[in-house]
2 protein chains.
Amino acid sequence: MTDKDLTIQQVAGLTGLSVHTLRYYEKIGLMDPIRRAKNGHRAYHMDDMEWIRLIVRLRSTGMPIVEMQRFADMMRMGDAGISRRRALLEEHEQKLMLQAKELEDTLVVLRDKIAYYRAWESGEHSG
Amino acid sequence: MTDKDLTIQQVAGLTGLSVHTLRYYEKIGLMDPIRRAKNGHRAYHMDDMEWIRLIVRLRSTGMPIVEMQRFADMMRMGDAGISRRRALLEEHEQKLMLQAKELEDTLVVLRDKIAYYRAWESGEHSG
DNA sequence: TATTGACTTGGAGTGCACTCTAAGTTGTAC
DNA sequence: GTACAACTTAGAGTGCACTCCAAGTCAATA
C-alpha cells in the first residue's frame with residue numbers, strides 16, 4: 001500500500017457509502033476487484049474514487065443497481081461500449097428531466113398548502 | 001353506489017396506483033376506510049381522489065410511508081394538527097430543494113459525459 | 001341454473017438494496 | 001506475547017413497499 005492509497009474506511013468516509021456497501025458493490029460486479037495491499041486489505045486508488053462517486057450520483061438520482069451493472073459491463077468493453085454507454089446515460093438524463101418536473105410541481109403544491117396552513121394559523125391567533 | 005362514485009379499478013386507472021396498492025394503503029391507515037356500496041365494494045368519492053393524488057405526489061418525491069401515515073394522523077386531528085402538518089410539509093420542502101440541486105448537478109455531469117462520448121464517436125467515424 | 005367477472009378478506013411471498021454475523025487473519029501498542 | 005483494532009470471507013438477516021394468492025361473495029348474463 002503506497003501513500004496515496006485509501007483504506008475501505010477512508011473511502012466510506014469520503015463517499016458516504018458504508019464499508020459493507022463498498023464490499024457489496026464490489027461483490028456484485030459494480031466495481032472491478034480493488035487492488036490489495038500485502039496484508040490482503042483493499043487499497044483504493046484515486047481512479048476507484050472517481051468511479052464510486054459516479055455510482056453514488058447515479059444511485060442517488062434513482063438508477064437501479066442492475067442498470068449500473070450494465071454500465072459497468074460497458075466500461076469493461078472499452079471503446080466498443082461507448083455508444084451504448086452514451087445511450088444509457090441519455091436515457092437516465094430523460095428520466096432526470098421528468099423527475100425534475102415532478103419535483104417542481106410538487107414544490108408548488110407543497111408551498112400552496114404551507115401558505116394555506118400558515119394563513120389559518122395566524123387567523124387562529126387574531127380571531 | 002351513486003353515479004359519481006368510482007370503483008377501485010377506476011381509481012387505479014386514474015391515479016396510477018394498482019388495485020392491490022389502494023387496498024394496502026387503506027389497510028395501513030394511509031387512507032380512512034373507504035365507504036362501501038351495498039354489495040360491499042369500495043365506492044370512492046372525489047374527496048378520496050384528492051387525498052390519493054397528494055399521497056402519490058409525496059411518494060413519488062421520496063416521502064416514506066411512515067411519514068405519510070403521520071401526516072394522515074394529523075389530518076384526523078383536524079385543526080389541532082394544522083401546525084404540525086405545516087412543519088412536516090416544510091421539512092419535505094427542504095428535502096425536495098436538496099433533491100432538486102442533486103438532480104441538477106447530476107444532469108451537468110451526465111451531459112458532460114454524453115458530450116464527451118459523442119465527440120469520441122464522431123472522431124471514430126472520421127479517423 | 002350455471003358461468004363469468006369484479007370485487008372482498010387475511011395472510012403469505014417477492015424484489016430490491018443493503019446490513020449484519022461469525023469466524024478468521026494481520027499489524028501495531030503495551 | 002498478548003490484547004486490540006481493522007480488516008477479510010461467505011452467507012444469513014432486515015426493512016421497505018408492494019404484490020400476489022386462496023377462498024369466498026355478489027350481480028349480471030347465457
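Please read all numbers here as calculations on a predicted model, not as lab measurements. In the text below, chain A, chain B and the rest are named by the order of the sequence lines, each starting its count at 1.
Using a distance-only test at 3.5 Å, with no hydrogens or angles considered, a donor-acceptor pair links the side chain of B:E26 to the main chain of B:I34.
The shortest side-chain heavy-atom distance between B:R42 and B:D48 does not fall under the 4.5 Å cut-off. Between A:V109 and A:D112, the closest side-chain pair of non-hydrogen atoms is not below 4.5 Å. At least one side-chain heavy atom of B:M46 sits less than 4.5 Å from a side-chain heavy atom of B:L6. Within the 4.5 Å cutoff, side-chain heavy atoms of A:R111 are placed close to those of A:L107.
Map B:H20 and B:V66 each onto its nearest nucleotide of DNA chain D; the residue landing nearer the 5' end is B:V66. Where B:N39 and A:N39 each meet DNA chain C at their nearest nucleotide, the meeting point lying more 5' is that of B:N39.
The distance from atom CD1 of A:I8 to atom C1' of C:dT26 is 16 Å, rounded to the nearest whole Å. Between the OH atom of B:Y24 and the P atom of C:dT14 there is a distance of 17 Å, given to the nearest Å. Taking atom NZ of residue B:K38 and atom C1' of nucleotide C:dA6, one finds them 17 Å apart after rounding to whole Å. One interatomic measurement links the two molecules: CG of A:L30 to P of C:dA17, which rounds to 10 Å at whole-angstrom precision. To the nearest angstrom, C1' of D:dT8 lies 15 Å from CD1 of A:I34. The separation between B:I28 atom CD1 and D:dC18 atom P is 8 Å, rounded to whole Å. One can place CE of A:M31 at 14 Å from C1' of C:dA17, the figure rounded to the nearest angstrom. Per the geometry, CZ belonging to B:R36 stands 14 Å off C1' belonging to C:dA6, to the nearest Å.
In summary, of the residues considered (B:E67, B:M75, B:Q69), a side-chain contact (heavy atoms from CB on, under 4.5 Å) with B:F71 occurs for B:M75 alone.
Ranking D:dC18, C:dG11, C:dC20 by closeness to the B:K27 side chain, first place goes to C:dG11. Closest contact between the side chain of B:R42 and the listed nucleotides C:dT21, D:dC18, C:dT9 involves C:dT9.
Shown for residues 47-64 of chain B: residues whose heavy atoms fall under 4.0 angstrom of DNA chain D, namely B:R59, B:P64.
A sub-4.0 Å separation between OP1 or OP2 of C:dC18 and a side-chain N or O of A:Y25 is present. In terms of phosphate contacts, A:T7 brings a side-chain nitrogen or oxygen within less than 4.0 Å of OP1 or OP2 of D:dC7. Regarding contacts with the backbone of C:dA6, every side-chain N or O of B:R23 stays at 4.0 angstrom or more from both OP1 and OP2.
For CZ of B:R84, the number of neighbouring non-hydrogen atoms (other residues, nucleotides, ligands) closer than 6.0 Å is 12 at most.
Five base pairs at each end of the helix from C:dT1-D:dA30 to C:dC30-D:dG1 define two local axes, and these are offset by 20° (rounded to 10°).
Checking B:H41 against B:T7 by side-chain atom types alone, no donor-acceptor pair falls below 3.5 Å.
A salt bridge is defined here as a Lys NZ or Arg NE, NH1 or NH2 lying under 4.0 Å from an Asp or Glu carboxylate O, and A:K113 with B:E93 fails to meet this definition.
Between the OH atom in B:Y25 and the CD1 atom in B:I52 there is a gap of 10.5 Å [rounded to 0.5 Å].
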